[in-house]
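Worksheet: the structure to be examined is printed underneath.
Since the structure is predicted, the reported quantities are computational estimates derived from the model, not experimental observations. Values reported hereafter were calculated over all heavy atoms of this structure, with side chains retained and with hydrogens, waters and symmetry mates removed.
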Amino acid sequence: MLNADLVTPRPSLTHPGLLARVVERLGQGASSSTDVWRQLTENYAVDLDAVAALLPCAEPEPLWLTARVQARKR
């Protein structure tokens, strides 16, 4: 959970290169991209749009794929 003490400043990541390195480093130890988001926002002040551009987009599984897999099992 985000630290409620807003008086304590967090370092800001504004340079795209530094932000990419931090996202890569956090991604190595994180279990999911949600965990990377959480760690970034708890520890740094970042541009969320810039972070979203760096993280892979989670695409939903197409509905037809589920139907096709179930049809093959029959």
Using the side chain to side chain donor-acceptor pair (under 3.5 Å) criterion, which residues pair with Asp47? Sequence neighbours excluded.
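Asp47: no side chain to side chain donor-acceptor pair (under 3.5 Å) contacts found.
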
Between Gln39 and Ala30, what is the shortest heavy-atom contact and its length?
NE2-CB, 4.3 Å

Looking only at heavy atoms, the pair that brings Arg10 and Glu42 closest together is CD-O, 3.5 Å

State which residues pass side chain to side chain contact (heavy atoms under 4.5 Å, CB included) with Ser31; sequence neighbours excluded, sorted by chain then number.
Asp35

Those residues that, when tested against Thr34, pass side chain to side chain contact (heavy atoms under 4.5 Å, CB included) (two or more places apart):
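Result, side chain to side chain contact (heavy atoms under 4.5 Å, CB included) vs Thr34: Ser32.
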
Taking the side chain as every heavy atom from C-beta outward, state whether Leu19 and Thr14 have any pair of such atoms under 4.5 Å apart.
no

Is the shortest heavy-atom distance from the side chain of Leu48 to the side chain of Thr41 under 4.5 Å?
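Yes, close enough: below the 4.5 Å cut-off.
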
Give me each pair satisfying salt bridge (charged side-chain N to carboxylate O under 4.0 Å, His left out) with a member in residues 21-32, each pair once, sequence neighbours excluded.
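Applying salt bridge (charged side-chain N to carboxylate O under 4.0 Å, His left out) to every pair that reaches into residues 21-32, excluding sequence neighbours, yields nothing.
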
Reported OG-to-CG distance for the pair Ser33 and Leu40, which is rounded to 0.5 angstrom:
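Those atoms lie 11.0 Å apart.
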
